[in-house]
Amino acid sequence: MPEGHVVHRLAARYLGSFGGRTVAVSSPQGRFADSASRVDGRVLESTEAHGKQLFLGFGADEWVRIHLGIYGKVAFGRGEPPAPVGAIRLRMVADDAWSELRGPAACELIGSGEKADVVSRLGPDPLRADADPERAWERIRRSRSSIATLLMDQHVIAGAGNIFRAEVLFRRGIDPLRAGRDLTRAEWDAMWTDLKSLMDNSVHVGRIDTVRPEHTPEAMGRPPRVDDHGGEVYVYRRAAQDCHVCRGPISMRELAGRNLFWCPSCQNR
DNA sequence: TAAGTATGTTAAG
DNA sequence: TTAACCTACTTAC
């Protein structure tokens, strides 16, 4: 379930459950076993999220870098940890808390230099206070790639994924296939501001809700909608369904290997 | 039992 | 542009 908001929530949760405490670290599945033994019994001192990258800090120079990929999940609990079930790559246990990481694309122990390298390759993360949207704009304003492609490129903007991309483009009325260099500065500023507020909200509520109050099914006099990804959205995974605003059909096509959703009538700018 | 699906990234061609 | 790779769960046969 991983776009950037999930990763920021995980950083807070790992810190809340284990920060400043001695933790038992293991890898029941085995693939992280050698590295786990090197931080086993140490104190988890800090956690950081940069886009979709999660870092768990042990001492000044040892970091567990986690990237959930498309399947990765973390379960947390209190009290005695359950017997291992399935492929648990990273298990962390303190005296009264435990966590289990399954299915990450990456889980590795790295030094602060490698961590800095990873972070330096990322674009600004709208969820971070130190984000500089100007860096993203410098890339976008020169690029022939579509804005839809650019929004998913972690070197341009870090943390947005397929849902935030589809939803912010809808909310700004922007045709996803427009080239980055054809966007105006005002359009970019509005998009960044909107993306930031959508992502901030998602960190707080733990799901992606993007539908404005005036467009909810209730406000539009329509039956409430149950979405299996858990949030209220305008276009994501709503191919061929009615647009909440104009009631025309939502479009879908594949773009760079990912499904792109948009409303051709509302997104004409 | 097999196939299909998923909010992602990387490497090979 | 395509395939490979992480894992669990749902649906079809």
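In what follows, chains are A, B, ... by sequence order, proteins preceding strands, each numbered from 1.
In this structure, Tyr14(A) has its ring center under 6.0 Å from that of Phe76(A).
Taking atom P in both dT1(B) and dC6(C), one finds a spacing of 23 Å when rounded to whole Å. Straight-line distance between the C1' atoms of dT7(B) and dT1(C): roughly 23 Å, to the nearest whole Å. Here the separation of dT9(B) from dC9(C), taken at their P atoms, is 23 Å to the nearest Å. Across dA4(C) and dG4(B), the matching P atoms stand 15 Å from one another, rounded to whole Å. Of the P atoms belonging to dT10(B) and dA8(C), the separation is 22 Å, rounded to the nearest Å.
Residue Leu195(A) contributes atom CG, which lies 14 Å from atom C1' of dT7(B) at whole-angstrom precision. Distance CD (Glu108(A)) to C1' (dT9(B)): 13 Å, rounded to an integer number of Å. In this structure, the CD1 atom of Ile70(A) is 13 Å from the C1' atom of dA4(C), given to the nearest Å. We find that CG of Asn162(A) is positioned 10 Å from C1' of dA6(B), with the value rounded to whole Å. Atom CD of Gln29(A) and atom P of dC5(C) are 15 Å apart (whole Å). The distance between atom CD1 of Ile66(A) and atom P of dC6(C), rounded to the nearest whole Å, is 17 Å. Spacing between atom CD1 of Ile88(A) and atom C1' of dC6(C) amounts to 15 Å, rounded to whole angstrom units. Between Leu260(A) atom CG and dG8(B) atom P there is a gap of 13 Å when expressed in whole angstrom units.
Heavy-atom minimum distance, Arg165(A) versus Ala148(A): NH1-O, 3.1 Å.
Candidate nucleotides dT7(B), dT7(C), dG8(B) were compared by shortest atom distance to the side chain of Met152(A), and dG8(B) ranks first.
As judged by a 4.0 angstrom heavy-atom cut-off over every strand, Arg165(A) is placed among residues making no nucleic acid contact. Using a 4.0 Å heavy-atom cutoff across all strands shown, Gly86(A) reaches sugar-phosphate atoms only and no base atom.
With 3.5 Å as the limit, one finds a donor-acceptor pair spanning the side chains of His8(A) and Asp125(A).
Pairing for dG13(B) is absent, judged as Watson-Crick or G-U wobble with the two contacts each under 3.5 Å.
Side-chain nitrogen and oxygen atoms of Tyr71(A) include none within less than 4.0 Å of the OP1 or OP2 phosphate oxygen of dC5(C). Between Lys52(A) and the phosphate of dT7(B), there is no side-chain N or O to OP1/OP2 separation shorter than 4.0 Å. In this model, the phosphate group of dG8(B) is not approached by any side-chain N or O of His67(A) to a distance below 4.0 Å at OP1 or OP2. In terms of phosphate contacts, Arg102(A) brings a side-chain nitrogen or oxygen within less than 4.0 Å of OP1 or OP2 of dA8(C). Between Arg258(A) and dT9(B), a side-chain N or O to OP1/OP2 separation shorter than 4.0 Å is absent. OP1 or OP2 of dT9(B) has not a single side-chain nitrogen or oxygen of Gln53(A) nearer than 4.0 Å. Look at Arg89(A) and you'll find a side-chain N or O under 4.0 angstrom from OP1 or OP2 of dT7(C).
At distances below 3.5 Å, not a single donor-acceptor pair connects side-chain atoms of Gln53(A) with backbone N or O atoms of His50(A). The closest donor-acceptor contact from the side chain of Arg238(A) to the backbone of Tyr234(A) lies under 3.5 Å.
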**Study point:** Stepwise salt bridge (charged side-chain N to carboxylate O under 4.0 Å, His left out) check, Arg142(A) with Glu138(A)
**Key:** CA-CA 7 Å; Arg142(A) 295 162 205 279; Glu138(A) 284 307 311; 2.6 Å; yes
